[in-house]
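These notes are about the structure you will find just below.
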Amino acid sequence: MALNDPRHLYPKISPPRQTQKDPGLDQKLEPQADIGLDSYVGRGRLEGRKALITGGDSGIGSAVAVAYAREGADVAISYLPEEQADADRVIAAIEEAGRKALALPGDLCDLEQCQHIVAKTVEEFGGLDILVNNASRQLWHDGLENIPEDDFDRVMKSNIYSSFRVTKAALAHLEPGSSIIFTSSIQAYDPSDTLLDYAMTKAAMNNLAKGLAQQLAPEGIRVNSVIPGPIWTPLQPSHGQPQEKIESFGQNTPLGRAGQPAELAGAYVFLASDEASYVVGESLSVTGGKLAP
Ligand code: NAD
Ligand code: MG
């Protein structure tokens, strides 16, 4: 088999200046992100599993949804109502893979919505064995003093509260062999001065994964997290980064380019599958070489 150079396997992008209202849409990204629609090949590694992915409409979550369905899982995705167009594409891809899809629009800042997405998934699929806490909000600000109180509140609720509440609602349904995965970030280890509130939520999610792993391993449930580096998704141009950082986004990694959502899918499939049976409380970096110490 021919060798593929990871520096060039995906394009080195220099996105034009662009801005979207948050949450951004994959459909409006320039250039388009690669969520694996044309490339991901399943090998039956999650046959018959039932997965719920928050923020599964776009970016990393959408690549994981496509991969999970092609690996044989039924997949529910939660997202904000204004992201319906992105969600429709992912739902279609899950169904094309021959699996059941479930669309769960709604705001995870609300406790009831966190409980609803779990209850509905269990009702429609007859259970839940993979939970991916991936939804998050990221807005940059120039210093702590410029983070408005209501922005701070919404970031905490979208990232930390939602992960905590969705997981709490899921616990009663998870049987031995189930897996919970949190999407943390390189920001949990190496925070940017423009992302102080966001970075602290990513550290909290990583910490919750490690603590919960200790609680649930004796019950046969594995908990882990993924640590993405700079990945080209709608989070970035919808006030996730200052404009000047968009144009060279990800080029300061050792691989010299931003990652694509498709490059994350393998990590999430691995952590959910029996191949990771002895992997518990791990933070798996997919960062293009940026070190998460
Ligand atoms: P994305 O915008 O495609 O995905 C984030 C999703 O979060 C949105 O699609 C939205 O559906 C969901 N969301 C946010 N607030 C919500 C709320 N209140 N209620 C319901 N859903 C809500 O961007 P992405 O980059 O793929 O982000 C996915 C995860 O990856 C996030 O946890 C993010 O922190 C993490 N991450 C991304 C990067 C990166 O460079 N893109 C790096 C490290 C970590
Ligand atoms: Mg989205």
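Numbering of ligands and ligand atoms starts at 1, following listing order. This structure is a prediction, so every number in the text was calculated from the model and none was measured.
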Checklist line | Proximal ligand 1 atoms for Y79, defined as those under 4.0 Å from one of its heavy atoms | finding: 11 (O)

Check: Nearest 0.5 Å, what's the CD-CZ distance between E71 and R49?
Finding: 10.5 Å

Checklist line | Heavy-atom nearest neighbour in the protein, as seen from atom 24 (P) of ligand 1, with distance rounded to 0.1 Å | finding: T233 OG1, 3.4 Å

Note to self: Please determine whether a side-chain nitrogen of the Lys or Arg among K100 and E124 lies less than 4.0 Å from a carboxylate oxygen of the Asp or Glu.
What the structure shows: no

Item checked: Listed protein N/O/S atoms, distance to the Mg ion (ligand 2) under 2.8 Å -> D57 OD2, S58 OG, E83 OE2

Next item on the list: Measure D57 to ligand 1 on non-hydrogen atoms and call it side chain, backbone, both or neither using the 4.0 Å cut-off.
Entry: side chain

Margin query: Just to confirm my output: which protein heavy-atom neighbour is closest to atom 34 (O) of ligand 1, and how far is it?
Written below: Y198 OH, 2.5 Å

Note to self: Closer than 4.0 Å to some heavy atom of N134 - which atoms of ligand 1 meet that?
What the structure shows: 28 (C), 29 (C), 30 (O), 31 (C), 32 (O)

Check: Got more than 12 heavy atoms from elsewhere within 6.0 Å of CD, E244?
Finding: yes

Check: Are E47 and R99 close enough for a salt bridge, meaning some N to O gap below 4.0 Å?
Finding: yes

Item checked: Donor-acceptor contact present, side-chain Q113 to main-chain P105, <3.5 Å -> yes

Check: Does any N or O atom in S58 lie less than 3.5 angstrom from one in ligand 1, N or O only?
Finding: yes

Note to self: Check this for me - ligand 1, S78, N or O atoms closer than 3.5 angstrom, yes or no?
What the structure shows: no

List, one per line, each side-chain donor-acceptor pair under 3.5 Å for residues 166-176, sequence neighbours excluded.
| unit_1 | atom_1 | unit_2 | atom_2 | d |
| --- | --- | --- | --- | --- |
| T167 | OG1 | N133 | ND2 | 2.9 |
| T167 | OG1 | S163 | O | 2.6 |

Margin query: Using a 4.0 Å heavy-atom cut-off, which part of Q138 comes near ligand 1: side chain, backbone, both, or neither?
Written below: neither

Notebook entry, point to check: Per the side chain to side chain donor-acceptor pair (under 3.5 Å) rule, which among S184, S136, S185 passes with K202?
Noted result: S136

Notebook entry, point to check: Backbone N or O of V279 within a donor-acceptor pair of the N224 side chain at under 3.5 Å?
Noted result: yes

Notebook entry, point to check: Are I246 and L139 co-members of a hydrophobic cluster defined by side-chain heavy atoms under 4.5 Å apart?
Noted result: no

Check: So is P230 in contact with ligand 1, going by heavy-atom distances below 4.0 Å?
Finding: yes

Check: Hey, which of D110, D107, D197 is the one that makes salt bridge (Lys or Arg N to Asp or Glu O under 4.0 Å) with R154?
Finding: D107

Notebook entry, point to check: To which protein heavy atom is atom 35 (C) of ligand 1 closest, and what is the distance rounded to 0.1 Å?
Noted result: T183 CG2, 3.5 Å

Notebook entry, point to check: Rounded to the nearest 0.5 Å, how far does CD1 of I160 lie from CE of M205?
Noted result: 8.5 Å

Next item on the list: Show your reasoning for whether side-chain hydrogen bond (donor to acceptor under 3.5 Å, both in side chains) applies to Q251 and S14.
Entry: CA-CA 9 Å; Q251 292 179 9; S14 300; 3.1 Å; yes

Next item on the list: Of the side chain and backbone of Q236, name the one, both, or neither that has a heavy atom under 4.0 Å from an atom of ligand 1.
Entry: side chain

Next item on the list: Indicate yes or no for a side-chain donor-acceptor contact from Q18 to the backbone of E30 under 3.5 Å, with no hydrogens or angles considered.
Entry: yes

Note to self: Distance check, rounded to the nearest 0.5 Å: Q138 atom CD versus T201 atom OG1?
What the structure shows: 9.0 Å

Checklist line | Distance-only polar pair, side chains of S58 and Y79, donor-acceptor under 3.5 Å | finding: no

Notebook entry, point to check: Identify the closest protein heavy atom to atom 44 (C) of ligand 1: which residue and atom is it, and at what distance?
Noted result: S184 O, 3.2 Å

Check: Considering only protein heavy atoms, which is closest to atom 6 (C) of ligand 1, and at what distance to one decimal place?
Finding: G55 CA, 3.8 Å

Checklist line | Numbered atoms and elements of ligand 1 in range of G59, under 4.0 angstrom, heavy atoms | finding: 3 (O), 26 (O)

Note to self: Once you restrict to heavy atoms under 4.0 Å, what part of S62 touches ligand 1? Side chain, backbone, both or neither.
What the structure shows: neither

Checklist line | Heavy-atom nearest neighbour in the protein, as seen from atom 5 (C) of ligand 1, with distance rounded to 0.1 Å | finding: S136 O, 3.8 Å

Notebook entry, point to check: Which atoms of ligand 1 are found less than 4.0 Å from any heavy atom of G106?
Noted result: 19 (N), 20 (C)

Check: Any idea which atoms of ligand 1 are less than 4.0 Å away from a heavy-atom of L108?
Finding: 17 (C), 18 (N), 19 (N), 20 (C)

Item checked: Separation between CD1 of I13 and CD of E247, rounded to the nearest 0.5 Å -> 12.0 Å

Notebook entry, point to check: Quick one: does R154 get within less than 4.0 Å of ligand 1, heavy atoms only?
Noted result: yes

Check: Taking N or O atoms only and a 3.5 Å limit, does W232 qualify as a polar contact for ligand 1?
Finding: no

Checklist line | atom 38 (C) of ligand 1 [closest protein heavy-atom partner, distance rounded to 0.1 Å] | finding: G229 O, 3.8 Å

Item checked: Check: G61 N/O within less than 3.5 Å of ligand 1 N/O -> no

Next item on the list: Following the transitive rule for hydrophobic clusters with a side-chain heavy-atom cut-off under 4.5 Å over Ile, Leu, Val, Met, Phe, Trp and Tyr, establish whether V269 and L131 coincide in one cluster.
Entry: no

Check: Hey, does P228 come in under 3.5 Å of ligand 1, counting only N/O atoms on both sides?
Finding: no

Next item on the list: Report, in ascending order of atom number, the atoms of ligand 1 lying under 4.0 Å from any heavy atom of K202.
Entry: 31 (C), 32 (O), 33 (C), 34 (O)

Check: Is there at least one pair of N or O atoms, one from I60 and one from ligand 1, spaced under 3.5 Å apart?
Finding: yes

Margin query: What protein heavy atom lies closest to atom 8 (C) of ligand 1? Include the residue and the distance to one decimal.
Written below: E83 OE2, 3.2 Å

Notebook entry, point to check: Is it true that a side-chain atom of S273 and a backbone atom of E275 form a donor plus acceptor pair closer than 3.5 Å?
Noted result: yes

Checklist line | Hphob cluster co-occupancy, Y68 + L264, side-chain heavy atoms under 4.5 angstrom | finding: yes

Note to self: Are any of the N/O atoms on I231, whether in the backbone or the side chain, positioned under 3.5 angstrom from an N/O atom of ligand 1?
What the structure shows: yes

Check: Between Q113 and ligand 1, which residue portion shows a heavy-atom distance shorter than 4.0 Å: side chain, backbone, both, or neither?
Finding: neither

Margin query: Just verifying a value: how many Å separate S238 OG and K21 NZ, rounded to the nearest 0.5 Å?
Written below: 10.0 Å

Checklist line | Atoms of ligand 1 close to S158 [distance to a heavy atom under 4.0 angstrom, numbered from 1] | finding: 15 (N), 17 (C), 18 (N)

Next item on the list: Identify, by atom number and element, the atoms of ligand 1 in contact range of P234, meaning under 4.0 Å from any of its heavy atoms.
Entry: 3 (O)

Note to self: Contact between ligand 1 and P23 is defined here as a heavy atom of the residue under 4.0 Å from a ligand atom; is it met?
What the structure shows: no

Next item on the list: From atom 21 (N) of ligand 1, work out which of N159, L104, T54, L80 has a heavy atom at the shortest distance.
Entry: L80

Note to self: Membership question, hydrophobic clusters at under 4.5 Å side-chain separation (ILVMFWY): are Y10 and I231 in the same one?
What the structure shows: no

Checklist line | Closest candidate by heavy atom, reference atom 27 (O) of ligand 1, pool L235, V132, D22, T201 | finding: L235

Item checked: For the student: nearest non-hydrogen atoms of S283 and K210, plus distance -> OG-NZ, 2.8 Å

